[in-house]
Protein chains: 2
Amino acid sequence: MRQKVTLKQIAKELDVSISTVSKALKDSVEISLDTRQKVKAFAKLYNYKPNNIALSLKNKKTKTIGVIIPEIVHHFFTTVIGGVEKVANEKGYNVIICSSNNSFDKEVINLEMLASGSADGFILSVAKETQLKKDYHHIEETMSQGMPVVLFDRIIDEIVCDKVIIDDAKGAQTATNHLLTLGCKKIAILTTVDYISVGKLRTNGYLRALRAYDVPENEGYILKIEDIDNCESEISEFLKDKDVDAVFAVNELFAVTATKVLKEHGKIVPDDVSVIGFTDGILSKHFIPSLTTISQHGEEMGVRAAKLLIDKLEGDDSVTEEYKTVIIDTSLIQRQSTKKKEV
Amino acid sequence: MRQKVTLKQIAKELDVSISTVSKALKDSVEISLDTRQKVKAFAKLYNYKPNNIALSLKNKKTKTIGVIIPEIVHHFFTTVIGGVEKVANEKGYNVIICSSNNSFDKEVINLEMLASGSADGFILSVAKETQLKKDYHHIEETMSQGMPVVLFDRIIDEIVCDKVIIDDAKGAQTATNHLLTLGCKKIAILTTVDYISVGKLRTNGYLRALRAYDVPENEGYILKIEDIDNCESEISEFLKDKDVDAVFAVNELFAVTATKVLKEHGKIVPDDVSVIGFTDGILSKHFIPSLTTISQHGEEMGVRAAKLLIDKLEGDDSVTEEYKTVIIDTSLIQRQSTKKKEV
DNA sequence: TATTCACACGCAAACGTTTTCGTAAGGTTA
DNA sequence: TAACCTTACGAAAACGTTTGCGTGTGAATA
């Protein structure tokens, strides 16, 4: 089992100094052509690769971006990662992904671990627990130590840094508008509890759309779901005997579940009730009926976040002091689950 | 913007040597209680965290596991990652995830990058292109340099290392058996081209089940799909006017698409045709009808893979020389898409 | 008073790299 | 032949840790 070969070993074998080997591999004119060739041939033969760790230590740079997301098993987040990777690889950066599993503690541990040498900067979507706890010391600490952070999707308003978000309220308004223009008046919303920032914003957008259309809002049409894993019974109970002609769900799972529940209640989507979701994931695309939804353009978010971060990492101080918030446009993807109401 | 604080800085501030600081923080008896307390207080105040890079360089260990998967936007792989993370974090390891995007080149680049200092060992599922190309030099190189590799799911028989797989053929046989016991005789299979190892194995399992039941195999019932992204038209064409009473799909997407297509052709799943899939993902669970499928227990695969790797990393040489192949049991998850045939 | 010893701490090497600067050998010029 | 220049290379520092060993100080012992 051949061990990794180092400059020192090459130097010893060839009976030259370490610095000569290093320079030869870099094609320095300081070294004679003859020696250069000899060294390079040897290095190639032994498959020499510079040790990144040593380089990181020397350069005080790891050329690595840390990404921390609440859940790894989540289509939206993985599309974002795809975007980050794309940009990162182009620019010669590596990407480390960690999941916080929506736990505050794990988010702190992961961030501190990566911050102590493994990554130059971070792209982060905060855990549910963190939003609830409102404890952001770890993020602020990281930034105060000179490591830039870009927040995306589940962001924190109080933290001053680069951010990439969608206009959740606007997206929700677009969705609700779509239902309204289809002729729906009794529009229910399936949303999350308020401490989830995006849930709250989407609820706001829904309400805004109703007001703009002079449709009276009705508390009875709003369901705030806490336990996502057991949403089915809750949604079923909520929709039972409720006379609605449309449902706006703030995520894919709620949309699918609503459609399923409505079917069980003997209602046909989209003929009796239109359903619109949020997030353009696998489910929306392949469900029957396929779901009209609001696309968040996850990959684009990743791309923009990575660009912001790399700008900070490579920029001079003038760039460093200025923070941007990029708002990605959402778009309405019309599919089969919504339909104009027959009058 | 406070920079990261180092031992050197603490030493300077407190007017002691670096080694004193290091030892004090480690509660060494060599250092007086007084100094220890002073140093620790100072370190806490300035939020000192040892630099992982320096530690990695010194210890020749990164305490990091590299995971390379073909696609990040893929439910099965993310569940595996979940399992890996669980074990890794318990044992004090960090996890770096990279995706090869099914590209051979990117797989090589990622592996070499991580191998040159960023990770101690690897958990890897090879890219499609790699399976096609049959070029495994990068993996063998990595192992020959002393870094253990655990292959999972899409493995390579020729490489001698730890492996975690499911018995794909057996799983497929179970699936097909299920259909046969339901009374189906005309069972179509939607599979992949043969160079995808798991596709081929599943096809074999299907054939084996048929033989065991003395059902003649029929080439016309086998569809090998190359272009997964455009499988719908292919499947539609294939199933059109075909008199089948069951479909076995080797992945979730094929199963869903088949169900959709059958519906368009006026057939009802499961009444007219039973459909069974492979991989227990989001789609299978939430589709209507929900899909009977074979679960691969992704998280369990991740757990086992991580354990194998860490055993190698921490074991003495006796462990190092012995390679295991763990076969995870698949299980049949019965849902709504399959149904006993009425006679 | 001379020797020994525990205590508390510092020195220096090592990990693998890059890079600045110094310098020996040989050749060229005056 | 002396002064200088070029070529080709080596020494050493630096990045931040850990750790074995050396050592100065003061006190206890003989």
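Lettering follows sequence order; numbering is per chain, from 1.
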May I ask you to say whether [X] pairs ionically with [Y], meaning some side-chain N is under 4.0 Å from a carboxylate O?
X: A:Lys307; Y: A:Glu314; answer: no
X: A:Lys312; Y: A:Glu322; answer: no
X: B:Lys4; Y: A:Glu141; answer: no
X: A:Asp27; Y: A:Lys40; answer: yes
X: B:Lys86; Y: B:Glu299; answer: yes

Assess, by modelled atom type and distance only, whether the side chains of A:Thr35 and A:Ser32 contain a donor and an acceptor separated by less than 3.5 Å.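 Side-chain D/A pair, A:Thr35 to A:Ser32: present.
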Can you confirm whether the side chains of B:Ser99 and A:Glu85 place a donor and an acceptor under 3.5 Å from each other? yes
Touch check for [X], heavy atoms < 4.0 angstrom, all strands: base, sugar-phosphate only, or nothing?
X: B:Thr35; result: sugar-phosphate
X: B:Ser22; result: base
X: B:Ile18; result: base

Please give, in whole Å, the distance from [N] [atom2] to [X] [atom1]?
X: B:Leu7; N: C:dC11; atom1: CG; atom2: C1'; result: 15 Å
X: A:Ile10; N: C:dT18; atom1: CD1; atom2: P; result: 11 Å
X: B:Lys38; N: C:dC9; atom1: NZ; atom2: C1'; result: 12 Å
X: A:Asn52; N: C:dT17; atom1: CG; atom2: P; result: 10 Å

Table of protein N/O atoms under 3.5 Å from nucleotides 21-26 of chain C N/O atoms:
from, atom 1, to, atom 2, distance (Å)
C:dC21, N4, A:Glu30, OE2, 3.4

Given B:Asp120, which partner from the list B:Thr64, B:Asn94, B:Thr62 fulfils the side chain to side chain donor-acceptor pair (under 3.5 Å) test?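 Option passing the side chain to side chain donor-acceptor pair (under 3.5 Å) with B:Asp120: B:Thr62.
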Here's a test of your reading of the structure: between B:Ile31 and A:Asn59, which maps to the more 5' nucleotide of DNA chain C? B:Ile31
Tell me which of A:Leu57 and B:Val29 sits closer to the 5' end of DNA chain C, going by the nucleotide each one is nearest to. B:Val29
Which is the 5'-most and which the 3'-most nucleotide of DNA chain D that has an atom under 4.0 Å from a heavy atom of chain A? D:dA8 to D:dG16
For residues 108-117 of chain A, which residues have at least one heavy atom under 4.0 Å from DNA chain C?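 Per residue number, the list is empty: none.
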When you match B:Ser19 and A:Lys58 each to their closest nucleotide on DNA chain D, which lands nearer the 5' end?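 Nearer the 5' end of the strand: A:Lys58.
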Over all heavy atoms of both residues, which pair between B:Ile18 and B:Ala11 is shortest? Give the atoms and the distance, please.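 Smallest interatomic distance, heavy atoms only, reads N-CB, 3.8 Å.
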Exercise: identify the closest heavy-atom pair between A:Leu309 and A:Val149: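 Answer, listing the atom of A:Leu309 first, then A:Val149: CD1-N, 4.4 Å.
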Below 30° counts as parallel, above 60° as perpendicular, anything between as tilted: where do the rings of B:Phe152 and B:Phe77 land? perpendicular
